[in-house]
Amino acid sequence: MRKKILAANWKMNLLQPEVDSWLAYYHSKSWEQQGVEVRIYPSSIYLKQLQNLPLHVGAQNLYFENFGAFTGELSIDQLKSVGAASTLIGHSERRLIFAENDALILNKVGACARANFPFILCCGETQQIRSKAEHQVFVVEQLKAHLDGFHTNQLHLLVIAYEPIWAIGSGLSADVAQIEEMHRTIRNFLADKFGDLSKQVPILYGGSVNASNCAEIFACPDVDGALVGGAALDPDSFYKLLQALD
Ligand code: PGA
């Protein structure tokens with residue numbers, strides 16, 4: 001059975017006192033749920049503070065080199081040293097705002113594979129691509145480019161997050177039919193590339209997941225959880241998502 005994952009992507013949000021309040025709420029609840037892994041991706045300045053929590057804490061970004069003159073960047077070893085257990089790669093905000101291209105993303109995937117460091121690989125189309133009905137081809141091409149050279153024996157490191165760009169932070173989630181279609185397409189791509197072992201790779205949905213729409217999204221057969229932005233900033237709304245994921 002594939003594990004389910006509920007991941008909070010805090011992005012560039014929450015000041016220190018807000019993180020402290022989030023954690024106070026966190027400690028007041030039980031986050032143990034059979035078969036579900038809860039993850040937090042905070043700003044990296046908070047990794048050390050979160051490192052002793054009994055849940056998976058990861059980085060929102062990394063650089064693929066080990067160390068050196070790369071001002072402002074963080075390496076896998078640095079992130080590990082403050083408790084990061086995984087990273088996000090290829091989030092659309094990194095691609096669009098920070099101009100991350102396929103070559104850079106491929107390098108990051110390669111660095112994670114070499115370091116045995118787990119990652120969530122994000123993919124997803126723009127509204128323009130979807131309106132031309134090219135979304136399935138586009139996402140498969142993205143994954144082909146980013147997983148070039150990735151081996152079947154590294155699949156335990158991989159989680160995929162399908163995040164249509166038009167649904168991120170817009171309040172307008174993809175509908176169930178759109179999510180199911182794309183998750184099936186991704187699942188089929190993984191099966192073609194990696195065979196039976198690819199069944200272990202969780203595929204998360206991301207894009208305006210909230211307490212009102214999560215039940216129908218989590219009921220989709222190929223959805224193994226969610227990568228959540230806005231609704232994860234308030235710990236109570238994030239907790240409601242966990243309760244809906246069983
Ligand atoms: P959102 O963000 O839930 O605020 O749409 C999701 C994401 O970008 O990972």
Side-chain angles (χ1 to χ4, degrees), residues 4-14 18-19 22 36-44 46-47 50 55-62 84-100 105 108-109 112 118-127 129-130 135 138-139 142-143 146 158-176 178-179 182-183 186 201-218 220 222-245:
K4 294 189 174 178
I5 296 173
L6 181 66
N9 175 11
W10 285 355
K11 309 190 180 183
M12 195 176 75
N13 292 299
L14 301 183
E18 295 167 320
V19 171
W22 208 104
V36 181
E37 185 174 80
V38 179
R39 298 186 178 191
I40 302 181
Y41 291 87
S43 299
S44 292
Y46 302 127
L47 282 170
L50 272 58
L55 52 67
H56 181 120
V57 176
Q60 292 176 15
N61 187 29
L62 53 71
S86 70
T87 186
L88 307 181
I89 298 182
H91 191 282
S92 59
E93 288 151 17
R94 300 281 337 152
R95 295 174 197 259
L96 297 175
I97 304 169
F98 301 100
E100 289 201 2
I105 294 169
K108 292 183 179 192
V109 169
C112 286
F119 59 99
I120 297 182
L121 180 62
C122 304
C123 58
E125 80 286 353
T126 60
Q127 184 61 60
I129 290 169
R130 178 165 282 272
H135 48 286
F138 178 84
V139 166
Q142 272 188 324
L143 293 175
H146 303 147
L158 177 65
V159 172
I160 289 179
Y162 167 58
E163 301 204 301
I165 293 169
W166 46 273
I168 293 178
S170 65
L172 179 78
S173 154
D175 68 31
V176 165
Q178 292 169 322
I179 296 171
M182 192 58 93
H183 280 234
I186 294 170
V201 177
I203 306 176
L204 315 183
Y205 169 76
S208 295
V209 175
N210 58 44
S212 332
N213 62 20
C214 63
E216 59 175 11
I217 293 173
F218 293 157
C220 298
D222 282 313
V223 171
D224 303 308
L227 180 57
V228 185
L233 295 177
D234 168 19
D236 189 48
S237 81
F238 189 56
Y239 192 70
K240 288 200 174 81
L241 303 185
L242 177 63
Q243 289 172 311
L245 185 61

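Remember, it's 1-based here, ligands and their atoms both numbered in the order they're listed. Note that the structure is a prediction, hence the values are computed from the model and not measured.
The ligand atoms of ligand 1 that sit less than 4.0 angstrom from a heavy atom of Ser208 are 1 (P), 3 (O), 5 (O). In summary, the atoms of ligand 1 found under 4.0 Å from a heavy atom of His91, numbered by their order in the structure, are 7 (C), 8 (O), 9 (O). Close approach of ligand 1 to Gly230 (heavy-atom distance below 4.0 Å) involves ligand atoms 1 (P), 3 (O), 4 (O). With ligand atoms numbered from 1 in the order given, ligand 1 contributes 6 (C), 9 (O) to contacts under 4.0 Å with heavy atoms of Leu227. Close contacts between ligand 1 and Gly207 involve ligand atoms 5 (O) [criterion: under 4.0 Å to a heavy atom]. Of all atoms in ligand 1, numbered sequentially from 1 with element shown, those under 4.0 Å from a heavy atom of Asn9 are 9 (O).
Any N or O atom pair closer than 3.5 Å counts here, and Gly169 shares at least one such pair with ligand 1. In terms of polar-atom proximity, Gly206 is not counted as a contact of ligand 1, lacking any N or O under 3.5 Å from an N or O of the ligand.
Ring pair Trp10/Tyr46 is perpendicular by interplanar angle, where above 60° counts as perpendicular and below 30° as parallel. The aromatic rings of His183 and Tyr205 sit tilted relative to each other, their planes meeting at an angle between 30° and 60°.
Remark: distances from the non-hydrogen atoms of Ala231 to ligand 1 are all 4.0 Å or more.
Panel note: side chain Ser173, backbone Val209; no donor-acceptor pair is recorded below 3.5 Å. With Ser86 contributing its side chain and Gly58 its backbone, the two residues share no donor-acceptor pair below 3.5 Å.
Here the closest non-hydrogen pair linking Asn213 and Ser208 is ND2-O, 2.8 Å. Pairing each heavy atom of Gln60 with each of Ser43, the nearest pair is NE2-N, 3.4 Å. Of all heavy-atom pairs between Val57 and Leu50, the closest is CG2-O, 3.7 Å. The nearest pair of heavy atoms linking Lys11 to Gly229 is CE-CA, 4.3 Å.
Among all protein heavy atoms, the one lying closest to atom 3 (O) of ligand 1 is Gly229 N, 2.8 Å. Nearest protein heavy-atom contact of atom 9 (O) of ligand 1 is Glu163 OE2, 2.7 Å. Looking only at heavy atoms of the protein, atom 2 (O) of ligand 1 is closest to Lys11 NZ, 3.2 Å.
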Determine, stepwise, if the pair Cys220 / Val176 fulfils side chain to side chain contact (heavy atoms under 4.5 Å, CB included).
CA-CA 7 Å; Cys220 298; Val176 165; 3.6 Å; yes

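Residue contacts with ligand 1, taken as heavy atom pairs separated by less than 4.0 Å, involve Ile168 via backbone and side-chain atoms alike.
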